[in-house]
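Quick notes on the structure that follows.
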Amino acid sequence: MTDVTQVLKNLPYRLVNFAMSLQFWDVLDILIIAYLIYRLLLLVRKTNSSRLIKGVLVVVIALWLSAGRLRAFNYLLSHIVLQWGVVALIVLFQPEIRRVLEQVGSSRLPFLQMFSKPQVDRHIIERAISETVSACGDMSKSRTGALIVFERKNQLDEHLRSGTRLDAEVSSELLKNIFFVKAPMHDGAVLVREGRVLGAGCMLPLSKNVNLSRDLGMRHRAGIGMSENSDAVVVLVSEETGSISVAVGGMLKRHLMTETLEQLLRNELLPQPEESEESGKKRKSLKGLLGKEKKDGEKADE
């Protein structure tokens, strides 16, 4: 008990000495490790990786407990972990590792800007938005299901290969013809890049979010899944009710009017100039619409 008391008395002094001995690189090292742990915890929470993490912890604990006691078991386990553990982790966490690298590559770091593509003509994007809104309004009235993906920084060539390649300007008539119920490509997604339709009938990954409403149909799950795996903006029209929705960053905002849809697409897709404080607040409020889906718990329409 005396030893514990002595340690507690010396603890503030040791903490002060430790803080005084820290240098700039030590602080930076601690901050980097803390940030990586924080991002790892966020990644585990947002995906189904928690079970894999628990499995890894069980193996590590078994390895530690068997050290010096169960020699044969420890020898076998340590060799398996050392030889195949890293490869197995890379294979198991491949989607998460890829998502993290894509986020790093699409970040706005100054030294990465030299590798970015030149911005597309603003008028082309504006025309694509206007035509899309017009088509969605008409398809909403006729209850024609639609799934339109607007590519941003993360290129979607992998999904483009799953559909039929096109190269055409975005027009209301083209979109309505593609999603016409008897058209051969109406079940897939349309992929739009830089204001042009690059593909139709594309297959998208379904969302892995287990908290989604069970009433959501495959179209909405695919749209949310696409927004989870990339920075794309996904526009959906429900075949059941004609409701217009938008998915961004894994969040879904439903029951949009065409005016709200157009404003949201302009905020997300058009290059934003230096904004005043008032316009910045307006843009933030529109993006905040997408965050309400999880809190509102609205029932799905498909």
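Keep in mind the model is a prediction, meaning the values are calculated, not measured. Residue indices begin at 1 and follow the sequence shown.
The CG atom of Leu147 sits 12.0 Å away from the OG atom of Ser238 when rounded to the nearest 0.5 Å. Separating the CG atom in Asp231 from the CG atom in Leu156 is a distance of 8.0 Å, to the nearest 0.5 Å. A distance of 8.5 Å separates CZ of Arg152 from OG of Ser230, quoted to the nearest 0.5 Å. Put simply, OG on Ser162 and CG on Asp157 are 11.0 Å apart, with the number rounded to the nearest 0.5 Å. One finds the CD1 atom of Ile129 at 7.0 Å from the CD1 atom of Ile125 (value rounded to the nearest 0.5 Å). With values rounded to the nearest 0.5 angstrom, Met139 atom CE is found 10.5 Å from Leu236 atom CG.
Thr260 contributes no side-chain N or O that, together with a main-chain N or O of Leu256, makes up a donor-acceptor pair within less than 3.5 Å. A donor-acceptor pair under 3.5 Å is formed between the side chain of Arg143 and the backbone N or O of Glu240. Here the side chain of Ser245 pairs no donor or acceptor atom with the backbone of Arg254 at under 3.5 angstrom. Looking at His186, its side chain does come within 3.5 Å of a backbone N or O of Val181 through a donor-acceptor pair. Under a 3.5 Å cut-off, the side chain of Ser134 and the backbone N or O of Ser130 do not form any donor-acceptor pair.
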- prompt: When you look at Arg165 and Leu160, which way does the side-chain contact (heavy atoms from CB on, under 4.5 Å) test go after all the steps?
  reply: CA-CA 7 Å; Arg165 285 184 175 270; Leu160 180 61; 3.2 Å; yes

- request: Kindly indicate, with the supporting measurements, whether the criterion side-chain contact (heavy atoms from CB on, under 4.5 Å) is fulfilled by Val192 and Val149.
  value: CA-CA 6 Å; Val192 179; Val149 180; over 6 Å; no

query: Would Glu151 and Leu191 count as a side-chain contact (heavy atoms from CB on, under 4.5 Å) if you check the C-alpha gap in whole Å, the side-chain angles of each, and the deciding distance to 0.1 Å?
result: CA-CA 7 Å; Glu151 181 187 88; Leu191 179 59; 4.3 Å; yes

Chi angles and distances behind the side-chain contact (heavy atoms from CB on, under 4.5 Å) call for Ile224, Asn209: CA-CA 9 Å; Ile224 297 173; Asn209 187 350; 5.7 Å; no

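Judged as a side-chain contact (heavy atoms from CB on, under 4.5 Å), and not counting sequence neighbours, the contacts of Glu169 are Arg127, Arg196.
Considering only heavy atoms from C-beta on, Cys202 stays 4.5 Å or farther from Val190 through its side chain. In this structure the side chain of Ile148 never reaches within 4.5 angstrom of the side chain of Val234, judged on heavy atoms. For the pair Val246/Leu252, no side-chain contact is recorded, criterion being any heavy-atom separation below 4.5 Å from C-beta on. Side-chain contact check for Leu166 versus Leu198: every heavy-atom pair is 4.5 Å or farther apart. Side-chain contact between Phe179 and Val237: absent, with no pair of heavy atoms (C-beta onward) separated by less than 4.5 Å.
Under the salt bridge (Lys or Arg N to Asp or Glu O under 4.0 Å) criterion, the residue pairs touching residues 176-192 are Asp138-Lys176, Glu173-Lys176, with sequence neighbours excluded.
Closest approach of Leu206 and Met218 over heavy atoms only: CD1-CE, 3.4 Å. Taking each heavy atom of Gly195 and Ile124 in turn, the nearest pair found is CA-CG2, 4.0 Å. Looking at every heavy atom in both residues, Gly137 comes nearest to Ile244 through N-CD1, 4.5 Å. The minimum heavy-atom distance between Ile178 and Ala183, with the atom names listed, is O-CB, 3.5 Å. Scanning all heavy atoms of the two residues, the minimum distance from Ala200 to Met185 falls at CB-SD, 3.7 Å. Of all the heavy atoms in Ala128 and Val170, the pair that sits closest is O-CG1, 3.7 Å.
Around atom CE of Met203, more than 12 heavy atoms belonging to other residues, nucleotides or ligands sit under 6.0 Å away.
For the pair Glu228 and Lys208, the salt-bridge criterion is not met [side-chain N within less than 4.0 Å of a carboxylate O]. Between Asp167 and Arg193 there is no salt bridge, since no side-chain N of the basic residue sits under 4.0 Å from a carboxylate O of the acidic one.
Using modelled atom types and a 3.5 Å distance limit, the side chains of Ser243 and Thr241 yield no donor-acceptor pair.
In the hydrophobic cluster analysis, where Ile, Leu, Val, Met, Phe, Trp and Tyr join through side-chain heavy atoms closer than 4.5 angstrom, Leu270 is grouped together with Val235.
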When the side chains of residues 19-29 are checked against the rest of the protein, which donor-acceptor pairs come out under 3.5 Å, sequence neighbours left out?
unit_1: Ser21; atom_1: OG; unit_2: Asn17; atom_2: O; d: 3.3
unit_1: Ser21; atom_1: OG; unit_2: Phe18; atom_2: O; d: 2.7
unit_1: Asp26; atom_1: OD2; unit_2: Gln23; atom_2: N; d: 3.0

